[in-house]
Amino acid sequence: MTGSAPSGKSCVRMTDRSKLLVVGALTQRMETRLTEMFEVCTPSAEDRDAFLVAEGAGISHAILVGHALLDGAFMDQMPNLKIISNFGVGYDSIDVEAAIARGVLVTHTPNVLNDEVANTAIMLMLAAARNFVQDEAYLRSGKWETEGSAPLSRSVAGMTAGIVGFGRIGQAIAEKLTVFGTNTVYHARSDKGVGYKYYADLTEMAQVSDILIVITPGGPETRHLINAEIMAALGPQGILVNVARGTCVDEQALIRALQDGTLGSAALDVFEKEPHVPDELIALGNVTLLPHVGSATVETRQAMGDLAVDNLLQFQADGTAVTPVPECQR
Ligand code: NAP
């Protein structure tokens, strides 16, 4: 049953049930499962502050779907908050240190999206190398008939692909790359001791790479990790693929490098100020652009939703979570 709440707010009222704040939009399947256990509160983004003033003290659980900023000030509006479940593996929009300081557990959805995001990285790499988007536009524009065959593209076989970030998804990308005949190398904070060459120095790896695939977490530590120096090292024939976070790449430096030919091409799923994409990027012919759809299939989003809900249900049952973020496991 739906009870009344201050204007513009919505809570499915169930007496004696813990109150769950939803930031973002739940799928129907998530909502159905959560409503069985919680009083689910779904204030709109505009009404959230007013809602928290009125009801924040009663909120014990929260779920984040999307990339809204959840900082310490936000958490302070919910003094009884115990857990934030993040729908997604990347949790750079949640201030985890602030959460830990307030005794709030943070969970995320690792592994269930590795394959899908790795597939997106591979698709972007191939699209950039093979001029996939430009060739399709060439056909649609009628140029095939009027001007003949489209220009030749590049083969990735024999190219060196440098993966920046070699965790769950980075290693899934490396595995998938084996069938394309690339020489795969990687950079991370530490040597994984696996069967790929490790570069402690990112510039050095960019110099030997034809393709860079970025798949680190976002946040201050990786902000502008891919800067003008790295783009210059990758070079005028180089392909930059970013499926990590927009903040990992210096977007203004990227636009300059693509405009002046310092960098060959870029294929991007993520941007610094989503959903805004700079006009300069949209105007460029040597870029392939996706609207942050790395994990966005029905099947993978369902698996992510199931895990995000499982974390809340398990926490409600016994105070533990299935997949807490690493900082909360220490
Ligand atoms: P993960 O298993 O934690 O792997 C992260 C990797 O990044 C690790 O190898 C880590 O190095 C490396 N790294 C962290 N900070 C670094 C730094 N400052 N310099 C160099 N390397 C650094 O994470 P994952 O599950 O693979 O996910 C990675 C990220 O992908 C997520 O955090 C998210 O931002 C992004 N993502 C994007 C989409 C999308 O839709 N486009 C979807 C899912 C995930 P060490 O191993 O040495 O610590």
Side-chain angles (χ1 to χ4, degrees), residues 24 64-67 86-94 96 106-125 127 162-176 184-194 196-206 209 212-227 229-230 240-250 266-272 274-275 277 288-301 303-305 307-308 323-330:
L64 172 64
V65 182
H67 303 280
N86 184 53
F87 175 94
V89 67
Y91 48 94
D92 45 303
S93 65
I94 301 174
V96 175
V106 179
T107 67
H108 65 154
T109 61
N111 291 317
V112 293
L113 40 57
N114 293 355
D115 256 346
E116 212 64 75
V117 182
N119 287 346
T120 304
I122 301 284
M123 281 194 299
L124 282 170
M125 176 193 75
I163 303 180
V164 184
F166 212 60
R168 291 170 290 249
I169 303 172
Q171 293 185 38
I173 294 170
E175 216 169 285
K176 288 174 190 281
T184 302
V185 299
Y186 73 97
H187 164 79
R189 291 173 299 191
S190 60
D191 188 342
K192 306 289 160 228
V194 288
Y196 301 95
K197 184 169 165 64
Y198 169 67
Y199 282 86
D201 186 316
L202 177 54
T203 308
E204 206 181 301
M205 185 173 85
S209 295
L212 269 195
I213 301 175
V214 188
I215 187 64
T216 62
E221 234 199 274
T222 55
R223 186 178 148 73
H224 293 183
L225 185 65
I226 309 300
N227 57 22
E229 181 194 335
I230 303 297
L240 175 68
V241 176
N242 187 11
V243 283
R245 285 288 183 265
T247 51
C248 299
V249 173
D250 181 341
L268 312 169
D269 184 44
V270 288
F271 303 88
E272 283 207 67
E274 295 176 6
V277 178
T288 305
L289 307 170
L290 294 179
H292 200 152
V293 291
S295 66
T297 63
V298 171
E299 294 79 3
T300 296
R301 288 289 167 86
M304 291 163 63
L307 183 49
T323 47
V325 300
E327 294 90 328
C328 291
Q329 294 175 29
R330 285 174 198 148

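In listed order, ligands and their atoms are each counted from 1. What's counted below: heavy atoms across the whole structure, side chains too, no hydrogens, waters or symmetry copies. Note that the structure is predicted; figures quoted are calculated from it, not measured.
For His187, the ring-ring contact (aromatic ring centres under 6.0 Å, His included) test picks out no residue, with sequence neighbours left out. The side chain to side chain donor-acceptor pair (under 3.5 Å) search around Glu204 returns none, not counting sequence neighbours. Evaluation of the side chain to side chain donor-acceptor pair (under 3.5 Å) rule for Asp250 yields no partner, not counting sequence neighbours.
Near ligand 1, residues Val89, Gly90, Leu113, Val117, Gly165, Phe166, Gly167, Arg168, Ile169, His187, Ala188, Arg189, Ser190, Lys192, Ile215, Thr216, Pro217, Gly218, Glu221, Thr222, Val243, Ala244, Arg245, Asp269, Val270, His292, Gly294, Ser295 each place a heavy atom inside the 4.0 Å sphere around the ligand atoms.
Annotation: side chain of Leu240 is in contact with side chain of Val214 (closest heavy-atom distance under 4.5 Å). At a threshold of 4.5 Å between non-hydrogen side-chain atoms, the residues Arg301 and Ser295 count as touching.
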Going through the checks in order, is the side chain to side chain contact (heavy atoms under 4.5 Å, CB included) test met by Tyr186 and Tyr198?
-> CA-CA 5 Å; Tyr186 73 97; Tyr198 169 67; 3.3 Å; yes

